[in-house]
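This report refers to the structure that appears directly beneath it.
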Protein chains: 4
Amino acid sequence: MNTVKDFDKKEAIFQATLELISKHGFHSSPMSEVAKKANVAAGTIYHYFKSKDELICALYVYKREKSIQNIFKNDDPSKPFKDRFRSFYLQMINYYYTNPKEFYFLEQFMNSPYISMLQKEDIVRLEQPIYDFLRKAVFTQVVRDIPPKILIAMVTGSASSLIKLRLSGEFLMTSSDLEMAFFTCWDGIKKP
Amino acid sequence: MNTVKDFDKKEAIFQATLELISKHGFHSSPMSEVAKKANVAAGTIYHYFKSKDELICALYVYKREKSIQNIFKNDDPSKPFKDRFRSFYLQMINYYYTNPKEFYFLEQFMNSPYISMLQKEDIVRLEQPIYDFLRKAVFTQVVRDIPPKILIAMVTGSASSLIKLRLSGEFLMTSSDLEMAFFTCWDGIKKP
Amino acid sequence: MNTVKDFDKKEAIFQATLELISKHGFHSSPMSEVAKKANVAAGTIYHYFKSKDELICALYVYKREKSIQNIFKNDDPSKPFKDRFRSFYLQMINYYYTNPKEFYFLEQFMNSPYISMLQKEDIVRLEQPIYDFLRKAVFTQVVRDIPPKILIAMVTGSASSLIKLRLSGEFLMTSSDLEMAFFTCWDGIKKP
Amino acid sequence: MNTVKDFDKKEAIFQATLELISKHGFHSSPMSEVAKKANVAAGTIYHYFKSKDELICALYVYKREKSIQNIFKNDDPSKPFKDRFRSFYLQMINYYYTNPKEFYFLEQFMNSPYISMLQKEDIVRLEQPIYDFLRKAVFTQVVRDIPPKILIAMVTGSASSLIKLRLSGEFLMTSSDLEMAFFTCWDGIKKP
DNA sequence: CATGAATGAGAATTCATTCAT
DNA sequence: CATGAATGAATTCTCATTCAT
């Protein structure tokens with residue numbers, strides 16, 4: 001009945017799962033460890049989620065939604081698209097750079113068989129904001145006339161790789177590097 | 001009994017592992033299943049690989065090397081770089097599209113904690129061909145003056161996402177789509 | 001709030017337990033399911049019964065008593081014993097045939113280690129009506145001079161098996177079949 | 001490969017399961033206890049049986065077959081049916097009296113939802129010997145013209161109850177009691 | 001070298017029971 | 001009295017790995 005407490009527990013389970021999986025992977029993150037880290041009993045997890053798989057999928061949807069929201073939070077539709085895209089692109093890199101657990105978890109999920117457990121609707125819904133963002137730009141002729149799906153793939157794919165590189169620590173990325181990366185991306189997708 | 005047979009067995013184990021993991025993921029691909037699919041006894045796998053982790057890492061190195069070789073197999077250094085890059089980019093997409101098991105396995109590996117089990121040298125060595133390819137282009141001023149690492153990330157990241165999209169089957173990619181994708185990438189990285 | 005409601009709740013718990021156990025067995029009938037089916041909270045069950053075992057035992061005693069009462073409800077001591085026995089035998093078969101949940105539950109209980117949790121007195125008391133019924137018949141020499149316990153066993157054992165057969169649905173039992181079954185039993189136990 | 005050893009292990013698992021379940025019931029007989037009692041590792045059980053349910057069902061089929069064989073082992077078709085039936089009936093009581101674990105296990109199984117997990121063919125096959133035995137007697141007019149299924153039910157049902165009574169220890173059954181029980185049964189089923 | 005039965009630690013999950021509200 | 005979230009011990013089952021043959 002206590003919604004605050006409920007929220008706290010579910011949130012704690014999410015957080016613990018995120019931390020463990022982002023670090024150790026799906027199969028080295030036993031429910032017992034999740035429980036311990038979340039300060040709940042193992043059985044409690046099963047009040048909130050039917051199974052480990054369901055917990056993982058729910059966490060994906062939750063974290064995916066949250067990051068998309070965050071990435072678009074400073075979007076100003078009144079600005080020129082190039083500026084909006086710049087903000088989007090850099091914010092994406094920045095958000096995941098400062099939230100590496102989210103990043104590692106999401107990437108792991110998207111590149112594993114788990115992704116195929118999601119409902120088609122969920123996948124579509126999660127992608128919607130980016131889809132709309134880029135589709136409108138194609139429509140208004142600011143951006144190359146390519147199927148938005150392809151645009152999304154290329155833009156997010158290149159960003160993901162950059163984030164991975166940056167997080168790896170093997171390469172120190174300056175803000176000038178990021179600026180160049182943005183131009184590399186932008187010059188590719190803008191209407192030639 | 002002889003090296004040929006050994007090779008066959010090792011190859012069979014690799015193939016079985018690839019098929020299982022690409023489809024079911026790391027966990028959900030028990031050694032007993034690998035053995036069954038490879039037509040060898042479970043214990044036999046341990047003559048060729050110290051552990052499951054080692055098998056998986058060896059498979060990664062093996063398949064990574066093979067795909068890089070394949071992607072560069074038609075590279076003609078005498079041609080203009082733009083042509084070479086076009087061939088490289090489209091061949092990458094094509095190779096993984098026609099070898100989805102390899103693609104799914106490699107992506108899963110690279111986005112999981114397994115990647116950190118590899119030796120630094122291995123990682124560097126595997127990346128070397130692409131690194132050299134792009135570094136030279138930067139050096140000869142055909143391509144934007146960006147750290148090659150960043151270039152690699154952006155190019156391969158966008159290609160990966162395209163392959164994933166294409167393999168998902170949810171979007172039918174025509175050769176004209178691919179051509180546009182190539183230009184999108186090229187216009188981004190070429191010297192402005 | 002009041003005794004009526006109490007009665008209702010206890011009854012609802014009994015009914016839910018009966019339905020679940022008769023269908024799924026003792027394990028596979030969790031208290032949480034019982035609670036759900038009875039429309040009470042899990043904790044509420046523990047106001048009426050100390051434990052699951054106690055609930056099950058109480059349900060046995062309750063349902064056993066009820067069925068014995070029902071089976072004897074048309075007994076007319078003024079009639080000849082053969083008629084009374086016929087009515088008893090056929091009513092037993094009929095009662096359980098029309099109350100299969102009760103039957104399956106009672107049989108499961110009696111053939112499981114649960115039966116040994118009951119107090120000796122309870123067992124004796126539950127059996128008393130049948131015991132008296134048959135003992136008197138032995139005494140008045142209408143029935144073979146066999147220890148009543150043995151008579152009870154044979155009569156109820158054959159009836160149980162018939163009910164099981166009939167409930168199984170694999171054999172359609174006509175009223176003439178039942179009549180013959182009665183004679184088979186009667187001719188066996190009557191004074192030769 | 002070692003068939004003798006294999007046999008020993010499977011047999012040991014069967015024996016351990018029988019002892020535990022006959023005494024404690026299905027749900028108080030954990031696989032870990034079975035393993036301990038059988039002197040094998042828990043995992044070993046799963047080499048022989050896919051699941052606990054399958055183990056239990058296999059044990060039922062195995063023990064059922066064995067007891068039927070035993071009950072008929074002294075059957076002499078050249079003798080008059082009455083004698084054969086007497087031997088059958090008393091041997092049934094005797095066999096289970098001297099093999100109480102088998103009896104308790106079989107009864108528990110047959111009166112639980114487990115029975116419905118068996119294949120129809122298995123059930124028919126297991127019953128076949130008794131069915132043939134009684135059907136022939138009906139055919140040759142030695143026994144009442146009742147559907148054999150009903151005969152089986154009545155005969156085995158009464159025998160089961162007698163065995164239960166005898167095993168309970170609350171009633172000391174003499175051989176004269178058994179003789180009377182036989183006549184009670186026989187006089188019921190014989191052609192009047 | 002090859003086998004595959006056997007191991008047993010460890011994983012996911014269940015569920016009777018409790019207790020703060 | 002009633003609730004049902006929370007507990008955590010117990011249970012089933014999996015699977016990487018070993019080793020006698």
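All chains are named by letter (A, B, ...) in the order of the sequence lines, taking the proteins before the strands, and each is independently numbered beginning at 1. What you see is a predicted model, and the numbers here were worked out from it, not measured in a lab.
Sorted by first and then second residue, the pairs that involve residues 112-125 of chain C and meet side chain to side chain donor-acceptor pair (under 3.5 Å), not counting sequence neighbours, are D53(C)-Y114(C), E65(C)-R125(C), D122(C)-R125(C).
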TODO: Step by step, work out the side-chain contact (heavy atoms from CB on, under 4.5 Å) result for L59(C) and F109(C).
DONE: CA-CA 10 Å; L59(C) 178 58; F109(C) 187 96; over 6 Å; no
- [ ] Applying side-chain contact (heavy atoms from CB on, under 4.5 Å), run through Y104(A) and Y96(A) and close with a yes or a no.
- [x] CA-CA 9 Å; Y104(A) 286 131; Y96(A) 287 124; over 6 Å; no
TODO: Take F49(B) and K10(B) through the test side-chain contact (heavy atoms from CB on, under 4.5 Å) and record every step on the way to the result.
DONE: CA-CA 9 Å; F49(B) 307 96; K10(B) 204 172 168 182; 3.8 Å; yes
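When the salt bridge (Lys or Arg N to Asp or Glu O under 4.0 Å) test is applied to K164(B), the partners found at least two apart in sequence or on another chain are E107(B). By the salt bridge (Lys or Arg N to Asp or Glu O under 4.0 Å) test, K101(A) pairs with E19(A), sequence neighbours left out.
When the P atom is compared between dT21(F) and dC1(E), the two are found 22 Å apart, to the nearest whole Å.
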Atom pairs and distances, side-chain donor-acceptor, residues 30-47 of chain A, under 3.5 Å, sequence neighbours left out:
residue: E33(A); atom: OE2; partner: K36(A); partner atom: NZ; Å: 3.4
residue: T44(A); atom: OG1; partner: A41(A); partner atom: O; Å: 3.4

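Ring geometry for Y62(C) against F14(C) counts as parallel: the plane angle stays under 30°, on a 0 to 90° scale with 60° as the upper cut.
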Open item on the list: Both atom distances under 3.5 Å, Watson-Crick or G-U wobble: I'd like the secondary structure of DNA chain F as a dot-bracket string, with | for pairs made across strands.
Closed with: .||||||||||||||||||||
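Neither OP1 nor OP2 of dA5(F) sits under 4.0 Å from any side-chain N or O of K9(A).
Look at CD1 on I45(C): it is 17 Å from P on dC19(E), rounded to the nearest Å. Summarising the geometry, the separation between CG on D8(C) and P on dC1(F) is reported as 14 Å, rounded to the nearest angstrom. Across the protein-nucleic acid pair, L20(D) atom CG and dT11(F) atom C1' stand 14 Å apart, rounded to whole Å. For I13(B) and dC1(E), the CD1 to C1' distance is 12 Å, given to the nearest whole Å. Rounded to an integer number of Å, the gap from OH of Y48(A) to P of dT7(F) is 9 Å. Going from atom NZ of K10(C) over to atom C1' of dA2(F) covers 17 Å, rounded to whole Å. Atom CZ in F49(C) sits roughly 16 Å away from atom P in dT18(E) (whole-Å rounding).
In this structure, OH in Y60(D) is found 13.0 Å from CD in E102(D), a value given to the nearest 0.5 Å.
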Sort me out a list of protein N/O and nucleotides 14-17 of chain E N/O pairs below 3.5 Å, or just none if empty.
residue: dA16(E); atom: OP1; partner: K52(C); partner atom: NZ; Å: 2.7
residue: dA16(E); atom: OP2; partner: M31(C); partner atom: N; Å: 2.4
residue: dT17(E); atom: OP2; partner: Y46(C); partner atom: OH; Å: 3.0
residue: dT17(E); atom: OP2; partner: K52(C); partner atom: N; Å: 2.9

